[in-house]
Amino acid sequence: MVKFILRRFLYALITLWLIATFTFVLMKNLPGNPLGESAEKIPKATRDMLMKQYGLDKPLWHQYLTFMNNIIHGDLGASFQFPAHKVTDIIKQAFPSSLELGLISIVIAVVVGLTLGIIAALNHNKAGDYTAMFIAILGVSIPSFVLGPMLSYYVGVKWGILPAGLWKGPKYMILPSLALSFGTIAILARLMRTSMLDVLNQDYIKTAKSKGLSNLTVVFKHTIRNAILPVITIIGPIFVNVITGTLVVEQIFGVPGLGKHFVTSVYSNDYTMISGLTIFYSAILIVVIFLTDIVYGFVDPRIRLGKGGK
């Protein structure tokens, strides 16, 4: 298991280095000027001073080495949009709200999605199956930027059941979390249903039933444990996708998260903000996938004992 973890850790480091390198290259090829659209109107002396301040007057190879050295030391640089603030400070200030929203959403999605998938599989071609899959189809069909305003208007404004916006406490978190989790619920429900149906048709399940084991024992001890493996595989990427996909929901419900900084940095050619947030989100994805691989290795020993885990 130690070799398996070390190998995955090495892959994670290589992946992060490649992402950082490609981010640097793409960042340098963005059209426009990092000093803004009015950069040409800035006096040359001032422009040269700013270029020197951000290290943009150095050769590309020197900028790259400085860029990588700063990343190693946890320094993502100062934002071009907000010169008085470092990218790490902006992340520390805004990311907790995005993370909190994402965590609540993923918990709702996992609990509801897996439950619907299990119910659908155990009631195949019956009312429970049709109901669960109907909810899943709605989740796939209605994007968060449509569901969000609907929940905000009807539940928050028209009916007054819950707050329509802002981020001030537990009751304010319900509507944005539901809006963000609905699509993920659909994905997990459909995947769990398919996996459960496949496992239920395996010979070892039939053998377990023939030995006189109760249905609950067969379902919880044999069926769910094996059927959940494909779900574990995608929960990591789904989690990061939820975290990085909060932009629209944050805007609709007034959540003070990190998503808006990511978009505005692209429009304003804020090189340090673009690279910093890209690497930050990539690091989260890599860490989550790394942890998912470890959990997967514990759940299914064949993974760590196979050719790739030696």
Side-chain angles (χ1 to χ4, degrees), residues 1-30 34 54-56 58-79 86-92 95 98-99 102-103 106 184 187 191 228-246 258-259 261-263 265-266 269-310:
M1 189 66 189
V2 174
K3 291 183 178 179
F4 174 79
I5 293 175
L6 290 176
R7 183 182 292 271
R8 291 297 186 272
F9 182 71
L10 178 60
Y11 291 161
L13 289 179
I14 294 173
T15 303
L16 185 58
W17 169 71
L18 289 173
I19 290 173
T21 301
F22 280 119
T23 300
F24 176 83
V25 173
L26 293 174
M27 180 181 65
K28 293 302 180 182
N29 285 278
L30 281 176
Y54 289 103
L56 299 176
K58 303 292 184 182
L60 281 179
W61 64 267
H62 189 280
Q63 293 184 45
Y64 174 73
L65 293 178
T66 303
F67 175 72
M68 296 303 297
N69 181 66
N70 290 341
I71 291 175
I72 292 173
H73 291 87
D75 183 6
L76 299 177
S79 169
K86 287 195 171 184
V87 175
T88 50
D89 295 332
I90 295 174
I91 291 175
K92 290 177 183 178
F95 183 65
S98 295
L99 178 61
L103 286 174
I106 202 68
T184 308
I187 294 172
L191 180 60
I228 205 172
L229 291 176
V231 179
I232 292 176
T233 304
I234 70 165
I235 279 181
I238 280 181
F239 170 74
V240 179
N241 184 58
V242 169
I243 294 295
T244 57
T246 59
L258 194 57
H261 294 291
F262 194 85
V263 174
S265 64
V266 176
N269 280 350
D270 190 340
Y271 288 174
T272 50
M273 184 72 78
I274 295 171
S275 60
L277 294 182
T278 301
I279 293 169
F280 176 70
Y281 279 130
S282 300
I284 294 176
L285 175 60
I286 291 170
V287 169
V288 170
I289 292 177
F290 173 70
L291 296 176
T292 303
D293 285 342
I294 295 176
V295 173
Y296 206 84
F298 277 111
V299 174
D300 189 354
R302 295 172 297 178
I303 302 298
R304 65 175 186 267
L305 296 177
K307 183 177 179 180
K310 292 182 180 178

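Computed from a predicted structure; not experimentally measured. The basis for the numbers below is simple: all heavy atoms, side chains too, and nothing from hydrogens, waters or symmetry mates.
A 4.5 Å side-chain heavy-atom check between I91 and L76 finds at least one atom pair inside the cut-off.
Not counting sequence neighbours, F9 has no partner by the ring pair (Phe, Tyr, Trp, His ring centres under 6.0 Å) test. In this view, I90 and S79, F82, H85, L258, H261, M273 satisfy the side chain to side chain contact (heavy atoms under 4.5 Å, CB included) rule, not counting sequence neighbours. Every residue two or more places apart in sequence or in another chain that forms a side chain to side chain contact (heavy atoms under 4.5 Å, CB included) with I286 is listed here: A12, T15, L16, I19. For F290, the ring pair (Phe, Tyr, Trp, His ring centres under 6.0 Å) criterion is met by no residue, not counting sequence neighbours. Annotation: salt bridge (charged side-chain N to carboxylate O under 4.0 Å, His left out) contacts of D89 (sequence neighbours excluded): none. Partners of A20 by side chain to side chain contact (heavy atoms under 4.5 Å, CB included), not counting sequence neighbours, listed by chain and number: F67, M68, I71, I279. In this view, L65 and W61 satisfy the side chain to side chain contact (heavy atoms under 4.5 Å, CB included) rule, not counting sequence neighbours. With sequence neighbours excluded, the residues forming a side-chain hydrogen bond (donor to acceptor under 3.5 Å, both in side chains) with S98 are E250, listed by chain and number.
Atom CG of residue L10 and atom CG of residue L6 lie 9.0 Å apart, to the nearest 0.5 angstrom. The distance from the CG atom of L277 to the CD1 atom of I274 is 9.0 Å, given to the nearest 0.5 Å. Atoms CD1 and CG, on I106 and L99 in that order, are 11.5 Å from each other to the nearest 0.5 Å.
In terms of heavy-atom proximity, W17 sits nearest to Y64 at NE1-OH, 3.1 Å.
Within the structure, the salt bridge (charged side-chain N to carboxylate O under 4.0 Å, His left out) test picks out the following pairs touching residues 66-76 (sequence neighbours left out): D75-K86.
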